[in-house]
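Please read the structure below before turning to the comments.
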Amino acid sequence: MRSLKIMVVGAGQMGRGIAHVCAMAGFPVILYDLEQAVVSTGKQLIQDQLGKQVEKGKLAKQEMMEICKRITTTTKLEQVQTVDFVIEAVVEKIKVKKDVFYQLDKLAPPYTILATNTSSCSITEIAAVTNRPENVIGMHFMNPVPVMKLVEIIRGLATSDNVFEQTKSLAEALNKTPVEVNDYPGFASNRILMPMINEAIYTVYEGVATKDAVDEVMKLGMNHPMGPLRLADFIGLDTCLYIMETLHNGLGDDKYRPCPLLKNYVKAGWLGKKTGRGFYQYE
Ligand code: CAA
């Protein structure tokens, strides 16, 4: 595939992982966030992750240096003027995403594809704030991005076939397996995963089992690599709550009602691994 220049908007957990796999696949990447400290830390964390692979003998030091060189950082969204493909990975809130897409549309060349890594928001609604809805698409990576093979690809109502094919080819070039799903709340991944996590939280809330017991049941009984409560911590409890609310509001059924315990944890600021405390405590 032609060497695209890529911008990743948002240097959080997902944005960093996406920049990592893009650079690893040979693409020049600009990593953008609002503050220099955030993008610099983001690049450092990618470097640390690659460093671990070097220590394990899975990556040559020279290769690691070349991968890192492909990643530049910026706090200026105008740098999108030089890129062919944008992958947005800002906070999972539709209002913030719409603001970002509105700005990107104003600044990016007309041919630039604007993809969103949203895990639950409507692609059609995000695309509608731009003057190029045919160039807007969902490209949903899984966490941790360097490890997980899936990328859900979601067309908005107006997404063109050409943009769909280019996005699919990019996912393949990143050594991922693209799977097409339709533009409904939570798509397929979170329509299935989040109610399971929410139910695990209800199981603790209703006193059926402790958090450790719930996680053990799912790990040892269903062969899940980590229990649903640890996974929720790992995703971020604020993100889990937002996705449950999107499912509840979008699909209407009471079966998607977020557990009050999840709401309480988010109110307390116990958001999981990223804040040092969620269902579990982290250093
Ligand atoms: N970044 C990069 N690589 C990572 C990593 C990270 N954050 N975490 C682990 N790895 C790598 C390790 O370096 C190791 O690589 P090598 O095999 O090359 O040595 C490999 O993954 C295995 O790691 P570990 O041995 O340390 O640990 P593990 O076997 O327990 O695996 C895990 C860790 C891959 C995270 C595994 O626990 C797992 O698959 N968990 C479930 C993840 C999951 O369900 N993700 C989906 C979340 S939902 C989502 O993302 C969508 C959404 O919209 C909310």
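Both backbone and side-chain heavy atoms feed into the values below; hydrogens, waters and symmetry mates do not. Every number for a ligand or one of its atoms is a count from 1 in the order of the listing.
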Whether Asp105 and Arg132 form a salt bridge (side-chain N of Lys/Arg under 4.0 Å from carboxylate O of Asp/Glu) is what I want to check. yes
Got a protein heavy atom sitting under 4.0 Å from atom 25 (O) of ligand 1? no
Residue and atom name of the nearest protein heavy atom (relative to atom 2 (C) of ligand 1), distance in Å to one decimal: Gln49 NE2, 3.2 Å
Can you pull out the closest protein heavy atom to atom 14 (C) of ligand 1? Residue, atom name and distance to 0.1 Å, please. Lys56 NZ, 3.7 Å
Can you pull out the closest protein heavy atom to atom 16 (P) of ligand 1? Residue, atom name and distance to 0.1 Å, please. Lys58 NZ, 3.1 Å
Tell me the contacting part of Val145 for ligand 1: side chain, backbone, both, or neither, using a 4.0 Å heavy-atom threshold, strictly below. neither
Answer side chain, backbone, both or neither: which part of Lys52 comes under 4.0 Å from ligand 1, heavy atoms only. neither
Can you name the atoms of ligand 1, numbered from 1 with element, that are less than 4.0 Å from a heavy atom of Ser119? 53 (O)
Salt bridge flag under 4.0 Å for residues Asp161 and Arg155: yes
Atom 50 (O) of ligand 1: of Ile46, Asn143, Leu231, the nearest heavy atom sits on Asn143
Which heavy atom of the protein is the closest neighbour of atom 11 (C) of ligand 1, given with residue, atom name and distance? Val147 CG2, 3.5 Å
Provide the number and element of each atom of ligand 1 under 4.0 Å from a heavy atom of Leu193. 48 (S)
What do we get for Thr239 next to ligand 1 when only non-hydrogen atoms under 4.0 Å count, side chain, backbone, both or neither? neither
Could you check atom 7 (N) of ligand 1 against the protein and tell me its nearest heavy-atom contact, residue, atom and distance included? Pro144 CB, 3.4 Å
Over 60° means perpendicular and under 30° means parallel, so tell me whether Phe279 and Tyr265 are parallel, tilted or perpendicular. parallel
Above 12 or not: heavy atoms from other molecules or residues under 6.0 Å from NZ of Lys61? no
Going only through I, L, V, M, F, W and Y residues with side-chain contacts under 4.5 Å, is there a path from Leu174 to Val9? no
Heavy-atom distance to atom 43 (C) of ligand 1: which of Met148, Glu92, Met142 wins? Met148
What protein heavy atom sits nearest atom 52 (C) of ligand 1, and how far off is it? Asn190 ND2, 3.5 Å
Counting neighbours of CD on Glu35 that are heavy atoms of other residues, nucleotides or ligands and sit closer than 6.0 Å, is the number greater than 12? no
If we only consider heavy atoms of His140, is any one of them less than 4.0 Å away from an atom in ligand 1? yes
Under 4.0 Å from atom 32 (C) of ligand 1, do we find at least one protein heavy atom? no
Within a radius of less than 6.0 Å around OH of Tyr184, do more than 12 heavy atoms belonging to other residues, nucleotides or ligands occur? no
Do Lys274 and Asp233 pass the salt bridge (Lys or Arg N to Asp or Glu O under 4.0 Å) test, and can you show the C-alpha distance, the side-chain angles, and the key distance before you say yes or no? CA-CA 8 Å; Lys274 63 185 167 189; Asp233 273 0; over 6 Å; no
Less than 4.0 angstrom from a charged side-chain N to a carboxylate O is my criterion; do Lys52 and Glu55 meet it? no
Distance flag for atom 40 (N) of ligand 1, protein heavy atom under 4.0 Å: yes
If you scan protein heavy atoms around atom 36 (C) of ligand 1, the nearest is Pro225 CB, 4.0 Å
Do me a favour and list the nearest non-hydrogen protein atom to atom 54 (C) of ligand 1 with residue, atom name and distance? Ile235 CG2, 3.6 Å
